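Notes follow the structure.
Model, not experiment: these values are computed from the prediction.
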Amino acid sequence: MLYIALPDNKVRRLSFYLAMEEYVARHVEAEDCFFMWQVEPSVIFGRNQLIENEVNLDFCHTNHIQMYRRKSGGGCVYADMNNVMFSYITSEEQVGFTFNRYINMVVLTLQKLGVDASPSGRNDVMVGDRKVSGNAFYKIPGRSIVHGTMLYDTDMLNMSGALTPPSTKLVSKGVQSIRQRIDVLKNYIKLDIGEFKEFVRKELCHEELTLTTNEIQKIEQLEQEYLSEEFIYGKNPRYTVVKKRRIEGVGEFEARIEVKNGIIKCVNLMGDFFLVGDLDNGLLRKLKNVPLDAGAISHILPDHIDDIIMNLMKADFVDLLTT
């Protein structure tokens, strides 16, 4: 696998590394590419998430925690200089195979360090019953991008405060809850964070490509999309009906439906689900001008929508919208 290196050790904004993934996917022809990165305190939420549902905005502003949106699905995560972010770009387009291959690659690397790691659920790497890594993916034509956290260590107070909407729980209780669900690698390995990164790099990659100044400038141009307010905050749609549900094995959903005289005018779908196809053209636009009725919706939708939203069955989606 090819390691993608930068010509300096400068710590950049999280948005730069998201743009770097996309640039590598579009312009570097190697079959498999990988790189690691670290950022100042930041939260990164999924493509289809509402920021106010996932992030304590006041806490982030007060504590100088930056906020970014990524193009992959999944949930909101916190990152800082004490944990490492992994990016994997591959020409393999079959989503299940790509994701499983990446997760197993990470698990095997940790096991070689003596960590009793195992894959779990849709996207996690566990040590025992605690998570040390969460991951997400998206596709562009001809390429797949997988990225995720690797919790070497982290600021639990910042993580809990940033990811806890203020109406949900107190920060102190949030810290206790997070500690019950996650763990950090420094509890299991003797390597410091730099040594850990070096081990991962040597274990996974046998070639290296250093990006040029010109390529970095192109990445910075691409980064501007990730920094736009419209991309980060999105447009809150008009709606008259809100449906919320967790579908096991798929994720959290919030459907905001604009309805007039019983007819659907617009559907905006948010949550931490994983997209594997075209949500707008393949699914949501089909609902426009359709009665908000289970039979009518079922008739207009394709039989298989799990090729648009990972693991989602048509009946479950119809139930979400109509019950």
Are a donor atom and an acceptor atom from the side chains of R13 and S42 found within less than 3.5 Å of each other?
no
Cluster check F34, F199: I/L/V/M/F/W/Y, side chain < 4.5 angstrom
yes
Could you note down all residue pairs passing salt bridge (charged side-chain N to carboxylate O under 4.0 Å, His left out) where residues 59-82 supplies at least one of them, sequence neighbours left out?
E22-K71, K71-E225
Output every pair passing salt bridge (charged side-chain N to carboxylate O under 4.0 Å, His left out) with a member in residues 138-155, not counting sequence neighbours, ordered by first then second residue.
D153-K186
Any donor-acceptor pair under 3.5 Å from T62 side chain to D58 backbone:
yes
With Y102 as partner, the option from N100, V106, T98, N104 fulfilling side-chain contact (heavy atoms from CB on, under 4.5 Å) is V106
Going only through I, L, V, M, F, W and Y residues with side-chain contacts under 4.5 Å, is there a path from I264 to V241?
yes
Which residues end up grouped with F97 if you chain together Ile, Leu, Val, Met, Phe, Trp and Tyr wherever their side-chain heavy atoms are less than 4.5 Å apart?
none
Is M313 reachable from I305 through a run of hydrophobic residues whose side-chain heavy atoms are each under 4.5 Å from the next?
no
Surrounding NE2 of H27 (heavy atoms of other residues, nucleotides or ligands, distance under 6.0 Å), is the total greater than 12?
yes
For V276 and I309 the tightest heavy-atom approach is CG2-N, 4.1 Å
Is it the case that the side chains of N135 and Y88 hold a donor-acceptor pair, with the cut-off being a distance below 3.5 Å and no angle test?
no
Is the closest side-chain heavy-atom distance between M150 and V200 below 4.5 Å?
no
Do Y188 and L191 share a hydrophobic cluster, counting only Ile, Leu, Val, Met, Phe, Trp and Tyr and linking them when any side-chain heavy atoms are less than 4.5 Å apart?
yes
About how many Å separate OH of Y138 and CG of L275, when rounded to the nearest 0.5 Å?
12.5 Å
Can you classify the ring geometry of Y17 versus F35 as parallel (below 30°), tilted (30 to 60°) or perpendicular (above 60°)?
tilted
Do you know which of R181, R130, K131 makes salt bridge (charged side-chain N to carboxylate O under 4.0 Å, His left out) with D124?
K131
Same cluster for I263 and L301 if Ile/Leu/Val/Met/Phe/Trp/Tyr side chains link at under 4.5 Å?
no
Taking the six-membered ring for Trp, are F231 and Y226 parallel (under 30°), tilted (30 to 60°) or perpendicular (over 60°)?
perpendicular
Go through the side-chain N and O atoms of T154 and N82 and say whether any donor and acceptor fall under 3.5 Å apart.
no
Looking at K260 and E258, is there a salt bridge between them, counting it only when a charged N and a carboxylate O are closer than 4.0 Å?
no
Just by distance, do the side chain of T323 and the backbone of D319 share a donor-acceptor pair under 3.5 Å?
yes
Check whether any side-chain N or O of T149 sits under 3.5 Å from a backbone N or O of S133 as a donor-acceptor pair, and report yes or no.
no
For T109 and E203, test the side chains for any donor-to-acceptor distance below 3.5 angstrom and give the result as yes or no.
no
Do NZ/NE/NH1/NH2 and the carboxylate oxygens of R101 and D32 come within less than 4.0 Å?
yes
Does F253 have its ring centroid less than 6.0 Å away from the ring centroid of F273?
yes
Where do L211 and P7 come nearest, in terms of heavy atoms and distance?
O-CD, 3.6 Å
